[in-house]
Amino acid sequence: MKLRFNSFDIVCGVTELQSLVGLRVNQIYDIDNKTFLIRFQGGGETKKVLLLESGIRFHTTSFEWPKNMAPSGFSMKLRKHLKNKRLEQFSQVGTDRIVDMVFGTGEASYHIILELYDRGNIILTDHEMKILYILRSHQEGEERFAIREIYPIGRVKKENSLPSDGELKEMVSSSAPCHNLKNMVMSVIECGPALAEHILKKHQLDNLSIGSVDDKGEEAGEQQKKSKKNKNKREAAKQADSKPFDIEADLPRLMDALKDGYEIMKNARQNVSKGYIVQRKVEKPTTEEGAEVEHFYQNIEYHPLPLCQYEGEPMATFDTFMLAVDEFYSTLEGQKIDIKTLQQEKEALKKLSNVKLDHAKRLENLTKAQEVDKQKAELITANQVLVDNAILAIRSAIANQMSWPDIHELVKAAQASDPTAASIKQLKLEINHITLKLSDPYGSAEDDEENSMPTLLVDVDLALSAWANARKYYDLKRTAAEKEKKTIDASQKALKSAERKTQQTLKDVRTISTISKARKVYWFEKFYWFISSENYLVIGGRDAQQNELIVKRYMRPTDIYVHAEIQGASSVVVRNPNGGDVPPKTLIEAGTMAISYSVAWDAKVVTNAYWVRSDQVSKTAPTGEYLGTGSFMIRGKKNFLPSCHLIMGLTLLFKLEDSFIEKHRGERKVRTFEEEREHGEHHITTENEKLEDVEEVEVELEEEDESSHSEFPDIQVKVEHDTGRITINNEEKTNVNEEKNRKEQATSKEQKDEEEEATIIAAVPSRKKQQMNAKKRKEEKERKTQQQQIQTQSSETADNRNNQAKRGQKGKLKKIKSKYKDQDEEERQLRMEILKSAGKKTNAPSSDPKLEECALALKNAKPKQQNFEPKPTQENNDDDDGDDKNTGADVDMIDSLTGQPYEDDELLFVIPMIAPYQSIQNYKYKVKLTPGTGKRGRAAKTALTMFGKDKMCTNREKDLLKSIKEEALARNIPGKVKLSAPQLQKFKK
C-alpha cells in the first residue's frame with residue numbers, strides 16, 4: 001500500500017495548489033506532532049484548508065480532522081510569523097522531494113520548507129533562509145539542521161536534460177550487471193518508481209535488465225543474490241525472470257520511453273492532473289452455502305495518471321489529484337476497520353473449518369481402525385496353527401527359564417529352517433506380546449489383490465490362544481464401530497453449535513465495525529459533561545487549559561458559570577441556547593458536578609457551589625495582578641446553591657435515528673411543582689415494586705434522599721437558590737410571624753445586593769498534579785506574602801491620596817455644603833439608602849428602627865432593576881471553528897440522545913455519561929457512584945457487565961454495549977468509587 005508522495009505526485013500537487021497563491025493565512029492547527037492544518041481565506045467566502053504531514057504528504061482537504069485541544073509550540077510559532085500573511089509562492093525545490101512555501105514579500109517574508117523524504121521535516125525560515133524553528137533537528141554529513149542555521153537551499157538537485165543516443169548508449173554500457181532499467185529511468189527523469197514502471201511497461205521494456213548471470217559471470221550472480229534479498233519480493237521475482245537488454249534492438253525503444261516520460265512530466269507541470277485511486281476487490285467471507293457473495297473495495301494506491309501496471313484492476317476517478325489524495329487518507333481509518341473486521345471474520349470461519357476437518361479426520365481414523373482390526377482377526381483365524389505354534393514355542397522357552405536375549409538368539413537361529421520362527425518378526429516380552437508377519441495362506445499371485453488379504457504385522461498376546469487373539473481384534477473392531485456411530489451423532493450437534501457460534505461472531509464483528517464507523521464523537525466529549533434532567537448541556541474542564549478553553553471559546557452571553565470555592569473544582573458552564581432563566585434543579589446538578597470533580601470527592605467533604613452570569617466572568621485582572629491560564633475574575637454577587645451531595649451516576653445515552661426523535665421529545669423537560677410531585681410519587685411506587693424482591697440481596701445501595709420521599713401537607717419548605725436560605729412556612733402561624741420572616745428575608749437579600757464582590761478564581765493543577773513538594777509550598781507562601789505586602793502598600797498610598805483634596809475639589813465641596821446645608825443626618829441617611837450610594841454597610845445595628853422600616857418600604861415600592869443584558873464577547877474568534885459551537889444546534893443534538901430507549905427504536909450508537917444521580921433517575925441503565933475505595937476501571941467493567949445481563953436489554957442494545965471501551969467509560973469517573981445498584985454483588989465475581 002502506498003502511504004507517501006513520490007516525485008511525480010509532488011510535481012502534480014504543486015501544479016494544482018498554485019490556486020492557493022494569493023490567499024491569506026487565517027489560522028494554523030496541529031493534528032498531531034507531525035501533521036498540521038493551514039486555513040487560508042481569500043476574498044469573499046473563499047476558504048481552503050491545506051494539510052501538511054512531515055515526510056508523507058500535502059494536500060487540500062474538505063474533511064473535518066480532529067485538532068489538538070491546545071496548540072503545540074511549533075503551531076504557535078507558525079501562527080506568530082505567518083498569521084494574516086499572503087501565500088506568495090508554492091514551488092518544488094529543484095527535482096528533490098522538497099516543497100517551498102513563501103509567505104509575505106521582501107524582508108518580511110517567511111518560508112515553510114516541507115521535506116518529503118526519509119523521516120521528513122517541516123522547517124520555518126526567514127527571508128535569508130535562516131532557520132527560525134524546525135520540527136526535527138538533525139545532521140546530514142557536514143550540514144547541520146537546527147535553529148539559527150542557514151538552510152542549504154543551494155544543494156538541491158537540478159533537472160536533467162534528455163540524453164542523446166550516444167549518451168544513453170554509454171549509460172547502458174557502463175551500468176552495473178543486472179541493473180534494472182527502472183532504476184536507470186528514475187535517475188534520468190526523477191519521476192518516481194510508479195511512473196518509471198508505467199513508461200517501461202507501455203514500451204514493453206519492463207522485463208529487461210542490463211546484463212545477466214550468463215553475460216557477466218560471478219559478479220552478476222552476486223548481484224542477483226542481493227536482489228533476492230530485496231524487501232520487495234515482486235521486484236526481485238521480476239528481476240530473476242528478466243531478459244538481457246539488447247543494445248541494438250532495445251535502445252530505440254528505451255529512447256522513446258524516456259521521451260514519453262519527459263512529455264508526461266512537462267504536462268504535469270503545466271496542467272492540473274486528474275486523480276485515480278487503485279482499489280482491490282475483497283470478498284467478504286460467509287458461512288451460508290449458495291448465499292450471494294458480498295465485496296468491498298480496499299484502497300491500495302493513489303496516482304495522478306492511470307498507470308499501465310494497474311490495467312484491469314478497479315479504479316476510482318476524481319476530478320483533481322488533490323481530491324483523490326484527500327479521499328484516500330480520510331477513508332484510511334475506515335478501511336483499517338474494514339480490514340480488521342475481515343481478518344476477524346476469516347479467523348472465525350477458519351475455526352469452523354478446523355472443527356469440520358477435525359471431525360472428518362476422526363471419523364476417517366475410526367473407519368481405518370475397524371478395517372485393520374478386522375483384517376488382523378481374519379489373518380489370525382486363517383493362520384491359526386501357525387499362531388498357536390509360535391505362542392507355544394515362546395511359552396516353552398520362557399518355561400525353561402531362558403533369558404530374553406537367549407530367546408532372541410534362539411528365534412533368530414531357527415528362522416532359516418523353521419517357518420514358524422520365520423514368521424516371528426519381533427519379541428515384546430516386556431508386555432508379553434510377540435509380532436507375527438501373517439499373510440493369506442490360501443491366496444496366490446494369480447488371485448486379484450482385492451480378494452486376497454494383505455500381509456500385515458500382527459501383535460499376538462502370549463497369554464491367549466489364536467482364537468482368543470482373533471476375538472480380541474473383533475472386539476476392538478466392534479468398539480471402534482460404536483465409537484464411530486457416537487462420533488457421527490455428536491459431530492452433527494457440535495458442527496451445528498460451531499456454525500451457530502461462528503455466525504454470531506460474524507454478526508458481532510460486523511455490528512461493532514458498523515458502530516465504530518457510525519459513531520460520531522461530539523465536541524463536548526473532550527470535557528466533563530452531562531445532560532441535565534431539564535435538557536441543558538453542562539460542560540466542565542478537566543484541567544486549567546480546558547477551563548480556559550471553556551470560558552473563552554464555548555461560554556456564550558446567555559450561559560451560566562458554576563464554580564465552587566474548593567481546590568480542584570472544575571469551571572462548569574451551563575449551555576443556555578434559548579436565553580431564558582435556567583431552572584434551579586439544573587443549577588444544583590451543575591453545582592454537584594463542580595464539587596464532585598474536585599478534592600471534595602476523595603476527602604468526602606460536602607460544600608456549597610455558586611453560580612454567576614457569563615458577563616460576570618472575565619480575564620481582566622486587578623491592577624498589579626496577573627491571571628494565569630485557567631484563572632478568572634468574578635465581579636458582582638455570587639449566587640450560592642444549597643449543599644450538594646457527592647452522589648454521581650453512570651448511565652448510557654443512545655443515539656436515535658431521526659424519525660424516532662419526536663417520540664422521545666419531552667423526556668427531559670422543566671416540570672412544574674405539581675408535575676414534579678406526581679412524577680416523584682409514580683417513581684417511588686415503581687422503585688418500591690422493583691426493590692421488593694431484591695431487598696435482601698441489594699448491596700452497597702445508598703439510602704435515597706428523604707426529602708424526595710417525604711411529604712408535608714401542612715408545611716411549605718421554601719429554598720432560595722440564590723442565597724441558600726431555607727424558610728419554613730406553617731399555615732398555623734400568625735400573620736405577624738409571616739411579616740417578620742418576610743422582613744428578615746428582605747433585609748438579608750438587601751445586604752447581599754449591597755456587597756459587590758470581586759473574586760479571583762485561581763487556576764488549579766489537574767488532579768494528578770495537585771500534590772506539591774515542600775520547596776514549592778515554601779515558594780508559594782513567599783509569593784503570597786509579597787502580594788499581600790504590595791496590596792497593603794497600595795491601599796495606604798490610595799488613602800493618603802484620598803485625604804488630600806485635589807485641585808478643583810475645594811470649590812466643589814463648598815457648593816455641596818451650601819446645597820445640603822438644611823439637610824439633617826436622618827434625611828441624608830434615608831436618601832443614601834434609597835440611592836444605594838452609602839458604601840458598604842457596617843455590622844453595627846441602626847439606632848432608629850423607623851428609618852429601617854421606611855427604607856424597606858421605599859425599596860419594596862421601587863425594586864432595583866438588574867441589567868441582564870449580556871455584554872458582547874471580546875474573546876479570540878480566530879480559534880473558533882464555527883461549526884461545533886453553534887448554540888442553535890445544541891437542542892437538536894441533545895434531543896437525539898435518549899436514556900429511555902423503546903424496543904422498536906432504531907439505535908445508531910451509544911455514549912456513556914457520568915452525571916449527578918438525581919438527573920438520571922428515570923433512565924433505563926444507571927448505577928450510583930459515591931466516594932469509595934474501588935478503582936475506576938473495575939467499576940466501569942462491573943457496570944457494563946450488569947447492563948449487558950439486564951433482562952430488559954434488547955439484542956441491539958447488547959450489540960451497542962460491546963462497542964463501548966472500558967477506558968472511555970472510566971475516563972469521566974471522578975476518582976475512587978463505590979458502586980451501588982440492586983443485585984450488584986453477583987456481577988463483582
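In terms of heavy atoms, Ile122 sits closest to Lys34 at CD1-O, 4.3 Å. Across all their heavy atoms, Gly13 and Phe58 have their closest contact at C-CE1, 3.9 Å. In this structure, Ser896 and Lys655 approach most closely via the heavy-atom pair OG-NZ, 2.9 Å. Smallest separation of non-hydrogen atoms from Lys182 and Ala196: CG-CB, 3.7 Å. Ile264 approaches Phe8 most closely through the heavy-atom pair CG2-CZ, 3.8 Å. Across every non-hydrogen atom of Ser75 and Ile28, the tightest pair is OG-O, 3.5 Å.
Within the 4.5 Å cutoff, side-chain heavy atoms of Glu115 are placed close to those of Phe145. Tyr554 has its side chain out of reach of Val573: every pair of non-hydrogen atoms, C-beta onward, lies at least 4.5 Å apart. Looking at Ile277 and Met315, their side chains never come closer than 4.5 Å, going by heavy atoms from C-beta outward. Side-chain atoms of Gln41 and Leu23, non-hydrogen and from C-beta on, never get closer than 4.5 Å to each other. Under the 4.5 Å side-chain criterion, counting only non-hydrogen atoms from C-beta, Ile113 is in contact with Ile98. Taking the side chain as every heavy atom from C-beta outward, Ile123 and Leu135 never approach each other to under 4.5 Å. Annotation: side chain of Ser7 is not in contact with side chain of Met265 (no heavy-atom distance under 4.5 Å). Using a 4.5 Å heavy-atom threshold, the side chains of Val93 and Tyr151 count as separate.
Asn267 pairs by the side-chain contact (heavy atoms from CB on, under 4.5 Å) definition with Asn271, not counting sequence neighbours. Not counting sequence neighbours, the partners of Lys158 by the side-chain contact (heavy atoms from CB on, under 4.5 Å) test are Val156.
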List the steps, then state whether salt bridge (charged side-chain N to carboxylate O under 4.0 Å, His left out) holds for Lys2 with Asp9. CA-CA 12 Å; Lys2 178 181 176 181; Asp9 297 336; 2.4 Å; yes

Checking side-chain hydrogen bond (donor to acceptor under 3.5 Å, both in side chains) for the pair Glu301/Tyr276: CA distance, chi angles, key distance, verdict? CA-CA 8 Å; Glu301 294 187 3; Tyr276 301 89; over 6 Å; no

As a quick check of understanding, evaluate side-chain contact (heavy atoms from CB on, under 4.5 Å) for Ile56 and Leu116, giving each step before the final call. CA-CA 6 Å; Ile56 303 295; Leu116 296 166; 5.5 Å; no

Could you go through Leu307 and Val278, starting from their C-alpha distance and side-chain angles, then the distance that decides it, and tell me whether this counts as side-chain contact (heavy atoms from CB on, under 4.5 Å)? CA-CA 9 Å; Leu307 304 178; Val278 181; over 6 Å; no

Take Ile38 and Ile112, measure what side-chain contact (heavy atoms from CB on, under 4.5 Å) needs, and give me the verdict at the end. CA-CA 11 Å; Ile38 303 178; Ile112 286 185; 4.1 Å; yes

Report the C-alpha separation of Phe527 and Ile550 in whole Å, then their side-chain angles, then the decisive distance to 0.1 Å, and conclude whether the side-chain contact (heavy atoms from CB on, under 4.5 Å) test is met. CA-CA 9 Å; Phe527 306 114; Ile550 284 175; 3.7 Å; yes

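Within the 3.5 Å criterion, the main-chain N or O of Ser161 finds a donor-acceptor partner in the side chain of Tyr262. For His138 (side chain) and Arg136 (main-chain N/O), a donor-acceptor pair under 3.5 Å exists by modelled atom type. A distance-only check finds a donor-acceptor pair linking the side chain of Ser109 to the backbone of Gly106 [under 3.5 Å]. Side-chain atoms of Asp30 do not come within 3.5 Å of backbone N or O of Asp32 as any donor-acceptor pair. Side-chain atoms of Ser614 come within 3.5 Å of backbone atoms of Arg556 as a donor-acceptor pair (strictly under, hydrogens ignored). Looking only at distances, a side-chain donor or acceptor of Ser54 sits under 3.5 Å from a matching main-chain atom of Asn121. Proximity of a side-chain donor or acceptor of Thr15 to a complementary backbone N or O of Ala268 within less than 3.5 Å is detected. At least one donor-acceptor pair closer than 3.5 Å links the side chain of Glu16 to the backbone N or O of Met322. Of the possible donor and acceptor atoms, none in the side chain of Glu143 sits under 3.5 Å from a partner among the backbone N and O of Gln139.
By the 4.0 Å N-to-carboxylate-O rule, Lys157 lies close enough to Glu190 to be salt-bridged with it. For the pair Asp326 and Arg57, the salt-bridge criterion is not met [side-chain N within less than 4.0 Å of a carboxylate O]. Salt bridge absent: Arg553 and Glu548 never bring a charged side-chain N and a carboxylate O closer than 4.0 Å.
The aromatic rings of Tyr597 and Tyr528 sit parallel, their planes meeting at an angle under 30°, below the 60° perpendicular limit. In this structure, Tyr329 and His59 have parallel ring planes: the angle between them is below the 30° cut-off, well short of the 60° mark.
Counting only N and O atoms by type, the side chains of Asn26 and Arg39 include a donor and acceptor under 3.5 Å apart. No hydrogens or angles considered: nothing links the side chains of Tyr302 and Glu327 as a donor-acceptor pair under 3.5 Å. At a cut-off of 3.5 Å, with distance as the only test, no side-chain donor of Asn547 or Arg542 sits close to an acceptor on the other residue.
Once rounded to the nearest 0.5 Å, the distance linking CG of Leu50 with OG1 of Thr60 reads 7.5 Å. One distance of note links OG1 of Thr125 with CD1 of Ile134; it measures 10.5 Å at 0.5 Å rounding. If you take OG1 on Thr61 and CG on Leu323, they are separated by 10.0 Å, rounding to the nearest 0.5 Å. With rounding to the nearest 0.5 Å, the separation of NZ in Lys274 from CG in Leu305 is 11.5 Å. Taken to the nearest 0.5 Å, the OG atom of Ser273 stands 13.0 Å off from the NE2 atom of His303. One distance of note links NZ of Lys80 with CG of Leu78; it measures 12.0 Å at 0.5 Å rounding.
A cation-pi arrangement is absent between Arg24 and Phe103 under the rule of less than 6.0 angstrom and at most 45 degrees off the ring axis. The cationic group of Lys67 lies under 6.0 Å from the six-membered ring centre of Tyr29 and within 45° of the ring axis, placing it in a cation-pi geometry. The cationic group of Lys619 lies under 6.0 Å from the six-membered ring centre of Phe632 and within 45° of the ring axis, placing it in a cation-pi geometry.
Counting non-hydrogen atoms of neighbouring residues, nucleotides and ligands closer than 6.0 angstrom, the CD atom of Glu311 reaches no more than 12 such neighbours. Within 6.0 Å of the CZ atom in Arg119, the count of heavy atoms belonging to other residues, nucleotides or ligands does not exceed 12. For Arg155, the CZ atom is densely surrounded, since the number of other residues' heavy atoms within 6.0 Å is greater than 12. Within a 6.0 Å radius of CZ in Arg144, no more than 12 heavy atoms belonging to other residues, nucleotides or ligands are found.
Within the structure, every pair that satisfies the side chain to side chain donor-acceptor pair (under 3.5 Å) test and touches residues 84-101, not counting sequence neighbours, is listed here: Gln89-Ser91, Asp100-His111.
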